[in-house]
Protein chains: 2
Amino acid sequence: MAATMQDVADLAQVSLSTVSYALSGKRPVGAETRVRIESAMAELGFRRHAAARALASRRTHVLAVAYPVYGVALGATLNEIVAGAAAAARAAEYELVLWPVSSVEPEMLHELAGQRTADGVVLMEVALDDPRIAVVETAGLACALIGRTEDPGDHVWVDIDFEDALEQSVAHLVELGHRDIAFINRSQASLDAGYGPVVRAQRGYERAMAARGLRPLAVPCDVTPPAGRRAVQRLLADVPDITGVIVMNELALFGVAGALREAGRSVPRDVSVIAVAVAHEISEMYERPLTYLAPPGPEQGARAIRGLLEVLDGHPAPAGANLPCVLHVRETTGPAPRH
Amino acid sequence: MAATMQDVADLAQVSLSTVSYALSGKRPVGAETRVRIESAMAELGFRRHAAARALASRRTHVLAVAYPVYGVALGATLNEIVAGAAAAARAAEYELVLWPVSSVEPEMLHELAGQRTADGVVLMEVALDDPRIAVVETAGLACALIGRTEDPGDHVWVDIDFEDALEQSVAHLVELGHRDIAFINRSQASLDAGYGPVVRAQRGYERAMAARGLRPLAVPCDVTPPAGRRAVQRLLADVPDITGVIVMNELALFGVAGALREAGRSVPRDVSVIAVAVAHEISEMYERPLTYLAPPGPEQGARAIRGLLEVLDGHPAPAGANLPCVLHVRETTGPAPRH
DNA sequence: GCGCTTCGTCGAAGCGCTTCGATGGATCCG
DNA sequence: CGGATCCATCGAAGCGCTTCGACGAAGCGC
């Protein structure tokens, strides 16, 4: 079977503990000895047995991401975060695993966390009052939030600055001369529930418009292409002179294009479209190069992991981070049409 | 800190090993003793320490799914498989974790598998000649494939019967009177690479058409909405009397709708559209109730896990399974128009 | 050149669990 | 009613690693 540390020690003619120190660097090891150990490890194809290490060191060297697998249509945005987290974990010599959990029922999390198979957990899509946090902390694991609760306290959290994102969107369109700018947000239900991103985006939009003396026109919209299509149809019926549309709704986006085309509005000649918090990969699915605000996906993941590591090292949790989206101007926004 | 088995034993006034047997059921335990142990566990909130258990039993009781997080736009189809796998694992008292890996570079897998943090691995989106299999098996882990290699040998594999799916699609349209039926497949590149699903679907389509004396018209198409749009435009330009379109391309699907509408073809009055191997959740994003062949997602995941468990229990690997898609007739297919 | 620290190494004690062999009492059968 | 059998339980030996204390050999200052 697989080689153990004792096998390596025997082959290198040193004691077991010396091999351990060579690996961890917690005590100095002679240069020549180190070489012998390293070649012995290479020869035997040695890899530390994770369970044994975890048991002895009281550290699993594993971080988990609670990954919502139920009811997620688009994976790209989530996956950017995971990719960033995986890279950060690897850099710190931790493994990253994903725990497939339902975001609503925390039992599975309890199961996984209780067994202490990870040192810390990153919670994605955190709700205002998220029961998962208590589950993770009761199990004695560190916890980091992507998004944040009503009062994140001294938890590690990383969020997107949605207010700023809407400010950027409105500013971009206003610079181009637009004044009748609508905002297609996510669903009314999430707005009613007070879900952070949706509420803060709404507020950001309203402030940005008010600051410029413009009339806000926000419409909620379910997260599906047909809903996006209907939202635009309604919008054009109510306020025909709309020239700018801001969409923060990945799936509705795909309905928006069709509805505008059908209505005979050319993009960006008649109407400019800008997408908010849409992953680059999703933006590429649009029918033409889309002007969009890219979320800081990988950075979110990386920060969450680094925060977790800080806490695990006994340092105080770093302050929560509200990261900005980055505007990419492509071809769906242009000068406002003249009347 | 967290309670250990010794704490439970002390509280229940039995020996440590008796607690272990009560938990595992590997030896009988007196009814009364069992009650004492169980209430002690409840009182202390005891949960087995996974690492200790893994070390002692040489079994981690964890199964992993190699989860492609890079370059996946739509998560729903993958997630159905994961959800099925998670349920099957839980039923067998195994935990399921996802290993976020790139499907092209197997180094991460090597890292994860080498540490023996799982007993078996499910590989998703298996290529014809997949280097990951060797990585997993060299590490001494069991391995199950979703999809299959050129010659799956006696590996555990679970695949979708794409030939049957195309036969079903053609049959459905022909029953409705269609004769000019096009097939929008996935990319030319994957066809050239001989990627199983794409090749078998192509073959299935050609056979189904040939068997009915119909002229096949298959077009490759990149996996993006705009590509789907262009594919339909080209199709209509080349063969204007097309009345049926079969699409096995989740993202292109969204371009298809727009292109047909633009071309003034009404669905299903002028053209019927049927989607192949599209998850229910994705089908719901279509602008109207879509006729589609649902892939056996959860069943695939569950079979892969059960196969893995068989192998781990020392049984021979069950025969590979080629699972059928299930036709759901909704509103995008209808009788062929009369000339 | 004497005590000091520092370096490089070793041995041994666990980490929390599973599992094997042993033990002692109850049950069974001829 | 004595030996065989079964049931319920215990103690102890690890699983493969980390880490602590110990120890000889250098290297240091004065």
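Every chain is numbered from 1, with letters handed out A, B, ... down the list of sequences.
Of all non-hydrogen atoms in B:Ala321 and B:Arg303, the two that sit nearest each other are CB-NH1, 3.7 Å. When all heavy atoms of A:Pro295 and A:Ile160 are compared, the closest pair comes out as CB-CD1, 3.8 Å. Counting all heavy atoms, side chain and backbone alike, B:His61 lies closest to B:Glu93 at ND1-O, 4.1 Å.
The B:Arg58 side chain lies nearest to D:dG16 when the options are C:dG11, C:dT18, D:dG16. Checked against D:dG16, D:dC10, D:dT18, the side chain of B:Leu55 finds its nearest nucleotide in D:dG16. Set against D:dA8, D:dT18, D:dG14, the side chain of A:Ala56 has D:dT18 as its closest nucleotide.
In this model, the phosphate group of D:dC10 is approached by a side-chain N or O of B:Ser15 to a distance below 4.0 Å at OP1 or OP2. The phosphate of D:dC15 has neither OP1 nor OP2 within less than 4.0 Å of any side-chain N or O from B:Arg53. At C:dC10, one or more side-chain N or O atoms of A:Thr18 fall inside 4.0 Å of OP1 or OP2 (strictly under the cut-off). At D:dC17, none of the side-chain N or O atoms of A:Ser57 fall inside 4.0 Å of OP1 or OP2 (strictly under the cut-off). A sub-4.0 Å separation between OP1 or OP2 of D:dT19 and a side-chain N or O of A:Lys26 is present. Contact annotation: B:Ser20 side-chain N/O to C:dT18 OP1/OP2 distance is under 4.0 Å.
Taking atom CZ of residue B:Arg116 and atom C1' of nucleotide D:dC15, one finds them 13 Å apart after rounding to whole Å. Distance, A:Leu23 CG to C:dG8 P: 17 Å, rounded to whole Å. Atom C1' of nucleotide D:dA12 and atom CE of B:Met5 are separated by 14 Å, given to the nearest angstrom. Across the protein-nucleic acid pair, B:Gln13 atom CD and D:dA8 atom C1' stand 17 Å apart, rounded to whole Å. B:Met41 has its CE atom 15 Å from the C1' atom of C:dG16, to the nearest Å. Per the geometry, NE2 belonging to B:His49 stands 12 Å off P belonging to C:dT18, to the nearest Å. Taking atom CG on B:Asp10 and atom P on C:dG16, their separation rounds to 13 Å, with Å as the unit. Rounded to an integer number of Å, the gap from B:Arg36 CZ to D:dA8 P is 14 Å.
With hydrogens and angles ignored, a donor-acceptor pair under 3.5 angstrom links the side chain of A:Arg27 to the base of C:dT9. You won't find any donor-acceptor pair under 3.5 Å spanning the side chain of A:Tyr21 and the base of C:dC7, going by distance alone.
Remark: D:dC30 base-pairs with C:dG1; criterion is Watson-Crick or G-U wobble with both hydrogen-bond distances under 3.5 Å.
Only one option out of B:Leu23, B:Leu11, B:Ile37 pairs with B:Phe46 in a side chain to side chain contact (heavy atoms under 4.5 Å, CB included); it is B:Leu23.
Between the A:Asp119 side chain and the A:Thr60 main chain, a donor and an acceptor come within less than 3.5 Å of each other. A distance-only check finds no donor-acceptor pair linking the side chain of A:Arg132 to the backbone of A:Pro106 [under 3.5 Å].
Using a 4.0 Å heavy-atom cutoff across all strands shown, B:Ser17 reaches at least one base atom of the nucleic acid.
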